[in-house]
**Student:** 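There's a structure below that I have some questions on.
Within every chain, numbering begins at 1; the chains are lettered A, B, ... in the order of the sequence lines, protein sequences first and strands thereafter. If you're wondering where the values come from, they're calculated on a predicted model, not measured in any experiment.
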Protein chains: 2
Amino acid sequence: MAESPPLLDPVQLGAYFALIEVVDLLRHAIEQQLREAGDLSYVQFQLLARLNGAPEGSHRMTDLADGVVYSRSGLTYQAGLLEKAGLVTRAPSPEDERSVTVTITDAGRERVQRVLPGHAEVVSRMLFQPLSGKDVETLAGLLQPVREHMRSTPPRSAARRRRR
Amino acid sequence: MAESPPLLDPVQLGAYFALIEVVDLLRHAIEQQLREAGDLSYVQFQLLARLNGAPEGSHRMTDLADGVVYSRSGLTYQAGLLEKAGLVTRAPSPEDERSVTVTITDAGRERVQRVLPGHAEVVSRMLFQPLSGKDVETLAGLLQPVREHMRSTPPRSAARRRRR
DNA sequence: ACCAGGTGCTTCGAACTCGAAGCACAAGGA
DNA sequence: TCCTTGTGCTTCGAGTTCGAAGCACCTGGT
């Protein structure tokens, strides 16, 4: 039987490894900055930022979990921490008694504002410093379709919950 | 006082968010595949792959930790698991009594070979499907300098260990 | 009106992660 | 030689993560 050709050529491998490594290093740097500047984990920051940008400053738990790449149970845990810290409130939704509406508080908005400059600074310095404006546009243009592709493609052997 | 301009423009924000999200989604998919195909976590796979590619099939702990973005203690833990699973052996280095040399076993190599095709398939399908060959080259070309930049730039307020 | 299946969230247990502290060896100057 | 400092790894404790299971509510068909 013939040797099946490698599914990834060297260029692809390089892109793949670089992608993973770049994001790992970036995340570490960001996490450290957020911890020092505002005692937030990256997930917590993402949640607050998302709420801060929402029309009413609130979202359902599920929408939050879908937005961030995160498990439901993990979200419950983090939402609990944020609530305990007074950065967020949780209340059952009026329309659907099952769902919980998470709303950012003033303290939460302040916290986001507090860490935001440092956050932007880290991203700018670590990620964008070696890239020209043109490069960034190109990068964004390449990643956007990939993002959409991944979002639209179900996890193959998917079954968020056992389907009948 | 004047409003300080945002440190990140919309295009940069888009690139940044897409980058993070793409890698998060990719990692999840990969992790699931590795777990199903070979009962490996992503870190374990990375470690085995690195050892598999090494000249002697071995590395010192520190070199492994530096290669992967990972804490020392975490590496000790994972190396322990891999050893327990018989995929790797650990032995004190002959030259330096302090350091530990990790070596991949035949079973370890087999395991890598077993999961590799599926791994490549997932990466290919999720990441590269929406990209042309030219796109991939461009992406690799953009990320390479960023990777080097991050690697060479120390964590700013760095001090891996308390410096005097 | 019932009730079977679906959905939203939480709880639970097990596993993983990290940094700080600790141990042992190494290296280099007094 | 000693002894101070540095390095390689492990241990420890606390915090975080996930999936499976569980509970409550909602929906649509009969």
Side-chain angles (χ1 to χ4, degrees), chain A residues 24 27-32 34-36 39-47 58-85 88 90-102 155 157-164, chain B residues 24 27-32 34-36 39-47 58-85 88 90-102 155 157-164:
Chain A
D24 276 349
R27 281 191 84 115
H28 271 259
I30 291 176
E31 221 138 59
Q32 184 180 334
L34 289 175
R35 185 62 67 195
E36 291 171 0
D39 200 42
L40 292 174
S41 69
Y42 197 19
V43 191
Q44 292 171 340
F45 172 71
Q46 284 179 305
L47 295 175
S58 57
H59 271 307
R60 297 185 314 144
M61 294 285 280
T62 290
D63 299 334
L64 279 177
D66 285 349
V68 181
V69 182
Y70 208 61
S71 71
R72 306 296 169 110
S73 52
L75 179 58
T76 295
Y77 177 74
Q78 287 297 345
L81 290 187
L82 288 174
E83 186 177 39
K84 206 169 300 176
V88 129
R90 276 190 292 185
S93 165
E95 13 179 291
D96 189 336
E97 200 61 30
R98 290 167 304 176
S99 74
V100 169
T101 301
V102 183
S157 64
R160 293 218 162 265
R161 250 184 231 210
R162 166 182 74 294
R163 299 284 179 205
R164 47 185 74 206
Chain B
D24 276 350
R27 283 192 84 115
H28 270 259
I30 291 175
E31 222 138 59
Q32 184 181 335
L34 288 175
R35 185 62 67 194
E36 291 172 0
D39 200 41
L40 291 175
S41 70
Y42 196 20
V43 191
Q44 292 171 339
F45 171 72
Q46 284 179 304
L47 295 175
S58 56
H59 271 306
R60 297 185 314 144
M61 293 285 281
T62 290
D63 298 334
L64 279 176
D66 286 349
V68 182
V69 182
Y70 207 60
S71 71
R72 306 296 169 108
S73 52
L75 179 58
T76 295
Y77 177 74
Q78 287 296 346
L81 290 187
L82 287 175
E83 186 177 38
K84 206 168 301 176
V88 130
R90 276 190 293 185
S93 165
E95 13 178 291
D96 189 336
E97 200 62 29
R98 291 166 302 176
S99 74
V100 170
T101 303
V102 184
S157 65
R160 291 216 165 268
R161 247 184 235 210
R162 164 183 76 293
R163 299 285 178 204
R164 53 184 70 209

**Student:** If you compare every side-chain N and O of Arg90(B) against the phosphate oxygens of dT10(D) (OP1, OP2), does one of them come in below 4.0 Å?
**Tutor:** yes
**Student:** Can you say whether a donor on the side chain of Ser71(A) sits under 3.5 Å from an acceptor on the base of dG19(D), or the other way round?
**Tutor:** no
**Student:** What is the separation between atom CG on Leu40(B) and atom C1' on dC16(C), rounded to the nearest whole Å?
**Tutor:** 15 Å
**Student:** Roughly, in whole Å, what's the span from CD in Glu97(A) to P in dC23(D)?
**Tutor:** 19 Å
**Student:** Between P on dT17(D) and OH on Tyr42(A), what's the gap in Å once rounded to a whole number?
**Tutor:** 14 Å
**Student:** Does one side chain, of Ser93(A) or Arg98(A), offer a donor that lies under 3.5 Å from an acceptor on the other?
**Tutor:** no
**Student:** Distance check needed: dC25(C) P versus Glu95(B) CD, whole Å only.
**Tutor:** 17 Å
**Student:** Please determine if a side-chain N or O atom of Arg72(B) lies less than 4.0 Å away from the OP1 or OP2 oxygen of dT10(D).
**Tutor:** no
**Student:** Counting only side-chain N and O atoms of Tyr77(B), is one of them less than 4.0 Å from OP1 or OP2 of dT10(D)?
**Tutor:** no
**Student:** Give the rounded distance in Å between these two atoms: CG of Asp66(A) and C1' of dC9(C).
**Tutor:** 13 Å
**Student:** Just how far is it from atom CZ of Phe45(B) to atom CD of Glu31(B), taken to the nearest 0.5 Å?
**Tutor:** 12.0 Å
**Student:** For the pair made of CZ in Arg27(A) and C1' in dC18(C), what is the distance, rounded to whole Å?
**Tutor:** 15 Å
**Student:** Given dT17(D), is OP1 or OP2 found less than 4.0 Å from the side-chain N or O atoms of Gln78(A)?
**Tutor:** yes
**Student:** When the distance from CG of Leu75(A) to P of dT16(D) is rounded to whole Å, what number comes out?
**Tutor:** 14 Å
**Student:** Is there a side-chain contact between Gln44(B) and Leu81(B) (heavy atoms, below 4.5 Å)?
**Tutor:** yes
**Student:** Would you say dG8(D) has OP1 or OP2 under 4.0 Å from some side-chain N or O of Ser99(B)?
**Tutor:** no
**Student:** Tell me: CD of Glu83(A) to C1' of dT10(C), nearest whole Å?
**Tutor:** 13 Å
**Student:** On DNA chain C, does the nearest nucleotide to Ser73(B) precede the nearest nucleotide to Asp63(A) from the 5' side, or the other way round? Give the residue.
**Tutor:** Asp63(A)
**Student:** Are Asp66(B) and Arg60(B) close enough for a salt bridge, meaning some N to O gap below 4.0 Å?
**Tutor:** no
**Student:** By nearest nucleotide on DNA chain C, pick out whichever of Arg98(A) and His28(A) is the more 5' one.
**Tutor:** Arg98(A)
**Student:** Contact class for Leu81(A) vs. all strands (heavy atom < 4.0 Å): base, sugar-phosphate, or nothing?
**Tutor:** sugar-phosphate
**Student:** On DNA chain D, does the nearest nucleotide to Gly74(A) precede the nearest nucleotide to Thr76(B) from the 5' side, or the other way round? Give the residue.
**Tutor:** Thr76(B)
**Student:** Would you kindly check whether a donor in the side chain of Thr62(B) faces an acceptor in the base of dG8(D), or vice versa, at under 3.5 angstrom?
**Tutor:** no
**Student:** After noting the C-alpha distance and the side-chain angles of Arg35(A) and Leu40(A), does the key distance pass the side chain to side chain contact (heavy atoms under 4.5 Å, CB included) rule?
**Tutor:** CA-CA 5 Å; Arg35(A) 185 62 67 195; Leu40(A) 292 174; 5.8 Å; no
